[in-house]
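Single-structure report; data block below.
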There are 2 protein chains.
Amino acid sequence: MDQSLAVSVNQALSDDYQRLADYLHIETVSAQHRGINETVAFLKQSFEALGAIVQIFDEFEGNPFVFATFSAGPQGNANKTLLFYNHYDVQPPEPLDEWQTKPFDLAEVDGKYVARGVADDKGELMARLSAVKALQNAGGLPCNLKFIVEGEEEVGSLHVDQMTAAHAADLRANALVWETGGKDANEDFAITCGVKGIVSFELTVSTADVDLHSSLAAYADNAAWRLTKALASLRDADNHVLVDGFYDDIKPLTLSEQQAVHDMHFNGEKTKQAWGLKRPFVSTDPKMAIVNEPTMTINGLTSGYEGDGVKTVIPKFAKAKLDCRLVPGQEPQHIAELVAAQLVKNGFPDVKLQFLLGEQPFRSNLDASFIQQAATVAHEVYGDHVALVPNAAGGGPQAPFYDAVQVPIVAVGANWSGSGPHAPNESVRISDYAQDVLYTARLLQAFGKQ
Amino acid sequence: MDQSLAVSVNQALSDDYQRLADYLHIETVSAQHRGINETVAFLKQSFEALGAIVQIFDEFEGNPFVFATFSAGPQGNANKTLLFYNHYDVQPPEPLDEWQTKPFDLAEVDGKYVARGVADDKGELMARLSAVKALQNAGGLPCNLKFIVEGEEEVGSLHVDQMTAAHAADLRANALVWETGGKDANEDFAITCGVKGIVSFELTVSTADVDLHSSLAAYADNAAWRLTKALASLRDADNHVLVDGFYDDIKPLTLSEQQAVHDMHFNGEKTKQAWGLKRPFVSTDPKMAIVNEPTMTINGLTSGYEGDGVKTVIPKFAKAKLDCRLVPGQEPQHIAELVAAQLVKNGFPDVKLQFLLGEQPFRSNLDASFIQQAATVAHEVYGDHVALVPNAAGGGPQAPFYDAVQVPIVAVGANWSGSGPHAPNESVRISDYAQDVLYTARLLQAFGKQ
């Protein structure tokens, strides 16, 4: 390990503490349309202070994208470019009374940085900028860098498709490092090489013009029963989706992916404790399920009387919200169409499906040299505790980026299993944060050499 | 038909109009604890003005019962006593903006009386008092009368059990005329001789301490799915309840009851239009279903995210409210126990059943002479358009009354199919109201003679 780099990293961390605090102090809540312009100005200045050329992509309807480019240093490799994807918006801080410190004031508690956005994703971007500074101070950047920072990740990345299509040339790079990552419940540092896709939809059914007195149940149908029976027909007790064609297009895992899944750790007991899970797992192979099993989730149910006590009513209307997490090969719109067709086939033509949103799944080629490099550097920095994860259980707009840049994508970062990215008292451990800066700097050095 | 009685009825209707308006003007909303004492005082005075002896049963926790007794006139039969059951409380008037007149001001619109309670059940009690006055003016009461008027019918008749047990001797009578009745969608005047029972319960299931990100659906169970599958296991698509023992104790219909069901009319098309029903009936024999098929109704569903847009969450908790309408032979508490046992048997021990309320079913013996008498008089007043209904599809606390007095019970009244008893613009047709007074007076005459 390069000791001079480690020293330079520590210096950058110390120098950049105030910038981290200042960035977190801006209340960049996209869901509440707060702090956007101030944050964009802050980032422009921060990038420029490090020598980047900054462009603001604001030709779309939503919050501007900040795009910054750095050229490789004099000893660096000007033929290699690494692209970073981050977002500057954060979740709302509510519920405020559950915070032990002020949400937008960086606090240090028990070896952790605590603030809204410190884990997701403001802290990680600042860590990456500290890596840039450390490398600059240790002899110069080993490669070209590009940063694309969006401001709508927490509200669905509404304009990433348009931006990546419009700016594919600007974004061109040899590899893409995604936002968010870190250590899992086993303290394994995860290198995650893809995302699941998603399709969200609503099912509604209407059986009468008015809610009926339940004495009429002798002959009148019930929207809540229709919905319940329709939903129950879509999934068995073992989490298997009973929709014709649902599983047909799933890409089988490559040997490398199978090996990666095999090497992943999953601590069932810790997971159950962390969330207070009261039921057995719905999959016999959670690691495989995380990577390559699609899901169908009821997000919410609404029908009839939901208050206290008794109301003897037959609901005229019932609604369910659902999402399906999809794996490579599955296409969101097509899956929604299959579900709608299955409802008709199962005898529920009156249960209407409304498509809400879709996002494609994506998985990098695990055999790509950049991915192997990311793992090799991780072993240098984190020791044995490294997990190569073919794709996350969750989502993100990686597919449109891949369509634009056609390079491997890895997600790495400074989170830990207790970061609580959308919860009160969001945190990163200070030691993880420092390790992440070092890892990022080392990854850039390795990337520039090849 | 006794023409002098008809004249006397018309006179009483004219004389009593203001009393009807005054009674409806009191805002006796039991759910809002409004107007109770004022109403009790009004009724005491109204009964006493007609010569009744009035007692207030107020030794229970809830709203007082008004109990009034009239002795037979000099030519009447002092050995026969008819008991009337009514209630003085009404539903809340909300939603106020849907009323075309003021809810507590008696209005005449298109040949109808319109006001909150005019159908359910203040109007019917006042019609009965007009019948009393008409008989008094036409020679005296043909029998003894008792009136028991409760003030909690709209909130579940919470103290009828206690009252009937404590005052069985006071209530003693040879027959009981129940509140509410009138003409159905076919303009048949219904003589309804019983009620379905009910058991209401809540099903809840909890799968985690917190709502989870739906990416965890790869392995974490979902309360909404648990509830959906549990519910779906309790009832098939044909309205058949899949609970072991659910149908075992149902009393088969007697020949008279079968004949009565056969003679009932049910206009499917009119019924569908009246409620805007969008689905086929869930029973192939609605008339039989109304009388002797129990039901299981989902009254409401609640789980997870119920707002607009998308929230990719696995609900930690889900809740359903249900009621079962029960027929003679079925016992509410026992049915709840069967449902709970079935949930365990079906693999849902985590879905908890909480009993909310129960009410016994009841059906009079259709061969009782009083019931035949009620039908005979109905044919005299209403012509061919008379239906003898073994029991209503809905409920009411008839069983505890029967336990106390052990006599046949018939429900008759002045409603029409558009009365909308719990809805804005509640109404009775003025001609029906007058006919009801005449019917009541004629029934008392016939009852006194036997």
Side-chain angles (χ1 to χ4, degrees), chain A residues 196 198 200 206-210 212-222 224-225 228-229 231-232 235 237 275-283 286 289-290 293 295 297-306 309-315 318 321 323 325 347 350 356-357 392-395, chain B residues 196 198 200 206-210 212-222 224-225 228-229 231-232 235 237 275-283 286 289-290 293 295 297-306 309-315 318 321 323 325 347 350 356-357 392-395:
Chain A
K196 279 188 177 171
I198 192 170
S200 288
S206 173
T207 48
D209 286 345
V210 290
L212 306 174
H213 194 264
S214 73
S215 60
L216 303 186
Y219 50 83
D221 210 344
N222 176 324
W225 271 125
T228 298
K229 299 296 280 189
L231 286 169
R235 178 177 171 277
W275 305 109
L277 303 186
K278 303 173 200 307
R279 294 277 311 157
F281 290 133
V282 292
S283 171
I290 288 167
E293 288 178 12
T295 61
T297 296
I298 300 175
N299 308 129
L301 294 172
T302 306
S303 186
Y305 182 66
E306 306 186 35
V310 168
K311 187 170 181 184
T312 52
V313 70
I314 302 175
K321 286 177 182 283
D323 73 53
R325 299 280 174 175
D350 51 322
L356 296 177
L357 68 78
Chain B
K196 279 186 177 174
I198 193 170
S200 287
S206 173
T207 47
D209 288 344
V210 291
L212 306 173
H213 194 265
S214 73
S215 59
L216 304 186
Y219 52 81
D221 210 344
N222 175 323
W225 271 126
T228 298
K229 299 295 279 191
L231 285 169
R235 178 178 170 278
W275 306 111
L277 302 186
K278 302 175 200 307
R279 295 276 310 156
F281 290 131
V282 292
S283 172
I290 287 167
E293 287 177 13
T295 60
T297 296
I298 300 174
N299 308 128
L301 293 172
T302 306
S303 186
Y305 182 67
E306 308 186 32
V310 168
K311 187 170 181 183
T312 52
V313 70
I314 302 175
K321 286 177 182 280
D323 73 54
R325 299 280 174 175
D350 51 322
L356 295 178
L357 69 79

Subject >> Nearest heavy atoms of A/A218 and B/S283, plus distance in Å >> reply: O-CB, 3.4 Å

Subject >> Heavy-atom contact with chain A under 4.5 Å, split by part of B/L212 >> reply: side chain

Original post:
Side chain, backbone, both or neither: which part of A/D221 has a non-hydrogen atom closer than 4.5 Å to chain B?
Top reply: both

Subject >> Partner chain A: residue of B/L356, B/L357, B/V310 with the largest heavy-atom pair count (under 4.5 Å) >> reply: B/V310

**OP:** Please name the pair of heavy atoms, one in B/S206 and one in A/K278, separated by the smallest distance, quoted to 0.1 Å.
**Re:** OG-CE, 3.1 Å

**OP:** Sort A/S303 into side chain, backbone, both or neither according to what part of it lies under 4.5 angstrom from a heavy atom of chain B.
**Re:** both

Subject >> chain A contact via B/T207 - side chain, backbone, both or neither, heavy atoms under 4.5 Å >> reply: both

Subject >> A/D350/B/R279 salt bridge by N-O under 4.0 Å criterion >> reply: yes

Original post:
Where does A/K311 contact chain B at under 4.5 Å (heavy atoms): side chain, backbone, both or neither?
Top reply: backbone

**OP:** Write down the atom of A/P315, the atom of B/G300, and the distance for their closest heavy-atom approach.
**Re:** CG-N, 4.5 Å

Original post:
So which of B/G394, B/A217, B/G309 has the biggest tally of heavy-atom pairs under 4.5 Å with chain A?
Top reply: B/A217

Original post:
Between the main-chain N or O of A/R235 and the side-chain N or O of B/K229, is there a donor-acceptor pair closer than 3.5 Å?
Top reply: yes

Original post:
Does a donor on one side chain sit under 3.5 Å from an acceptor on the other, for B/S214 and A/D323?
Top reply: yes

Subject >> A/L277 versus chain B, the contacting section by heavy-atom distance below 4.5 Å >> reply: both

Subject >> Pair A/R325-B/T312, side-chain contact (heavy atoms from CB on, under 4.5 Å): steps then yes or no >> reply: CA-CA 10 Å; A/R325 299 280 174 175; B/T312 52; 3.4 Å; yes

Subject >> A/N222 side chain vs B/I298 backbone, donor-acceptor pair below 3.5 Å >> reply: yes

**OP:** Grab the two heavy atoms, one from B/A232 and one from A/A232, that are nearest each other, plus how far apart they are.
**Re:** CB-CB, 3.3 Å

Original post:
Is it the side chain or the backbone of A/T297 that comes within 4.5 Å of chain B heavy atoms, both, or neither?
Top reply: both

Subject >> Options A/G395, A/A220, A/A318, A/G347, ranked by heavy-atom pairs under 4.5 Å with chain B, top entry >> reply: A/A220

**OP:** Provide the closest heavy-atom pair for B/W225 versus A/L231 in the form atom of the first, atom of the second, distance.
**Re:** CZ3-O, 3.3 Å

